[in-house]
A.B. asks: 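Could you have a look at this structure, given as structure tokens, before my questions?
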Amino acid sequence: MNVSEALRALAEISSGQWGMVTTSQASSQHVSRVQIARLAESGHLERLAHGVYRDAGSSPHEFDDIRAAWLSLDPDRVAEDRIRDGAVGIVVSGNTAAALHGVGDLLPTPYVFTSPTRRQSQRPDIRFKRRPLAADQITLVAGIPTTGIERTIADLVQDKEDLSLVGDLVGDALRSRTVQLDFLANLLNPLAARNGFPKDDGLALLRKLLELGRVDVATQIKRVTSNPAWLSATSPDDATMPSEALAMPIERSQSVTSGDDMRSVQALVKDVNVLQNLATQKQASDAG
């Protein structure tokens, strides 16, 4: 098989998985490891990890290393088939999932994956967690099966990650997307006691994470009422204040306990961000 034939054979696989191919997949196309090595030496392929290569003509992506790590864990099968595995397959989780979601400050390495069965890897930068996952706890991020944001947060708490770092992650998530806080509270229920809260009180643990992430109700009210731009742009009887929650006494906000109250935090965070931006824009307009 000449170079052109080998590249065409590899493209049949790599075109469906981010320009990447494993040596095992190449072998199924009758491209030997020796040929793969030669294609890499000649600049046609780029080695990303042991047994995983990328077409040098394909566009690089910030998550190529994570994709390559995931491919390496079941190198005989193509990505399309593995994605269909769902909850019984290998899923990106923990700090690596947080990096894919783009929240928090945790490094993606070591790469963490969850599987319902016991697995191991010879790579020192890969960790496996043996945990059952439900289908509704998995999503696709950058084309890779990944734990949803709620399950990612719960897993980090279960893995004893610093709660202040998890709180920062919760704050980032609430500011950038919809988070099912009631679902998250349920996931946190079995983790409450080990973190110093009453048994099965996931809401209490969630309130702490919201506070650490500075997205609890009390902090949101203080952000608005202490913002000079807001104070100068509004009056006590200003009718533009859209959220009744902003009038809630801080003492009441600190005693939020119900699932409905927790769900309202999502809207409040977005309200406050809008209010902050509007007030700053109005102040700038008045000054101009």
Side-chain angles (χ1 to χ4, degrees), residues 91-108 112 114 127 129 131 133-134 136-139 141 146-224 226 243 245-246 248-273 276:
V91 179
V92 180
S93 59
N95 54 287
T96 311
L100 284 179
H101 284 294
V103 293
D105 297 316
L106 298 173
L107 294 175
V112 178
T114 291
R127 302 283 188 275
K129 302 292 182 180
R131 290 170 184 161
L133 291 173
D136 62 357
Q137 297 173 6
I138 302 171
T139 187
V141 184
T146 306
T147 51
I149 190 64
E150 298 86 3
R151 180 61 193 241
T152 298
I153 293 167
D155 282 348
L156 288 169
V157 174
Q158 183 172 354
D159 293 337
K160 300 181 181 179
E161 184 59 73
D162 188 318
L163 286 186
S164 64
L165 295 178
V166 180
D168 288 340
L169 188 154
V170 172
D172 284 351
L174 275 171
R175 296 183 190 101
S176 62
R177 72 202 65 204
T178 298
V179 179
Q180 299 180 57
L181 292 176
D182 48 348
F183 178 45
L184 175 54
N186 287 333
L187 291 176
L188 293 174
N189 279 338
L191 308 174
R194 71 176 67 173
N195 285 281
F197 298 94
K199 184 180 179 180
D200 295 328
D201 193 349
L203 278 173
L205 177 51
L206 177 54
R207 285 198 301 274
K208 181 62 177 178
L209 293 175
L210 293 171
E211 179 185 339
L212 291 170
R214 299 173 296 283
V215 287
D216 58 302
V217 176
T219 300
Q220 300 311 302
I221 295 173
K222 291 177 182 177
R223 281 182 61 198
V224 171
S226 64
S243 177
L246 291 176
M248 184 194 306
I250 289 179
E251 291 78 7
R252 165 72 178 89
S253 73
Q254 291 172 332
S255 62
V256 173
T257 56
S258 73
D260 288 340
D261 287 335
M262 283 295 175
R263 286 190 291 274
S264 73
V265 171
Q266 178 84 57
L268 179 57
V269 170
K270 288 180 168 55
D271 275 350
V272 169
N273 287 336
Q276 297 275 52

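In this text, all values refer to a predicted model and were calculated from it rather than measured experimentally. Excluded from the calculations below are hydrogen atoms, water molecules and symmetry mates; all remaining heavy atoms, backbone and side chain alike, are included.
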A.B. asks: In Å, rounded to the nearest 0.5 Å, how long is the span from CG of Leu169 to CG of Leu209?
C.D. replies: 9.5 Å
A.B. asks: Walk me through whether Val179 and Glu150 qualify under side chain to side chain contact (heavy atoms under 4.5 Å, CB included).
C.D. replies: CA-CA 7 Å; Val179 179; Glu150 298 86 3; 4.0 Å; yes
A.B. asks: Check this for me: does any side-chain nitrogen of one of Asp159 and Arg127 sit under 4.0 Å from a carboxylate oxygen of the other?
C.D. replies: no
A.B. asks: Any side-chain heavy atom of Thr96 sitting closer than 4.5 Å to one from Thr146?
C.D. replies: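 Sidechains of Thr146 and Thr96: no contact.
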A.B. asks: Does Lys208 come within less than 4.0 Å of Asp216, counting only side-chain N to carboxylate O?
C.D. replies: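 A salt bridge is absent here (no side-chain N lies under 4.0 Å from a carboxylate O).
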A.B. asks: Verify side chain to side chain contact (heavy atoms under 4.5 Å, CB included) between Leu181 and Leu174, making sure each step is shown before the conclusion.
C.D. replies: CA-CA 9 Å; Leu181 292 176; Leu174 275 171; 4.2 Å; yes
A.B. asks: Would you say Leu163 and Val157 make side-chain contact, with heavy atoms under 4.5 Å?
C.D. replies: yes
A.B. asks: Please name the pair of heavy atoms, one in Ile149 and one in Ala173, separated by the smallest distance, quoted to 0.1 Å.
C.D. replies: CG1-CB, 3.9 Å
A.B. asks: Answer yes or no: are there more than 12 heavy-atom neighbours, outside Asp105 itself, under 6.0 Å from its atom CG?
C.D. replies: no
A.B. asks: Got His101 and Thr139 here, is their nearest side-chain heavy-atom distance under 4.5 Å?
C.D. replies: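 In short, these two side chains touch, coming nearer than 4.5 Å.
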A.B. asks: Could you check if a side-chain atom of Leu187 sits within less than 4.5 angstrom of a side-chain atom of Gln137, using non-hydrogen atoms only?
C.D. replies: yes
A.B. asks: Between Asp155 and Gly94 (side chain of the first, backbone of the second, donor and acceptor by atom type, cut-off under 3.5 Å), is there such a pair?
C.D. replies: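 Pair absent, no side-chain N/O of Asp155 close to backbone of Gly94.
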A.B. asks: For residues Leu206 and Leu184, determine if any side-chain heavy atom of one lies less than 4.5 Å from a side-chain heavy atom of the other.
C.D. replies: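 They are in contact (side-chain heavy atoms under 4.5 Å apart), so the answer is yes.
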A.B. asks: Let me confirm one number: the CG-CG distance from Leu100 to Asn95, rounded to the nearest 0.5 Å.
C.D. replies: 10.0 Å
A.B. asks: Measure the CD-CG distance between Gln158 and Leu188 for me, rounded to the nearest 0.5 Å.
C.D. replies: 10.5 Å
A.B. asks: Calculate, to the nearest 0.5 Å, the distance between atoms CZ and CG belonging to Arg151 and Leu156 respectively.
C.D. replies: 11.0 Å
A.B. asks: Using a 3.5 Å cut-off and no angle test, enumerate the donor-acceptor pairs between side-chain atoms of residues 189-204 and protein atoms at least two apart in sequence or in another chain.
C.D. replies:
residue, atom, partner, partner atom, Å
Asn189, OD1, Gly202, N, 2.7
Asn195, ND2, Leu191, O, 2.8
Asp201, OD1, Ala204, N, 3.1

A.B. asks: For Thr147, is there any backbone N or O sitting under 3.5 Å from a side-chain donor or acceptor partner on Thr152?
C.D. replies: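 Confirmed, Thr152 side chain pairs with Thr147 backbone.
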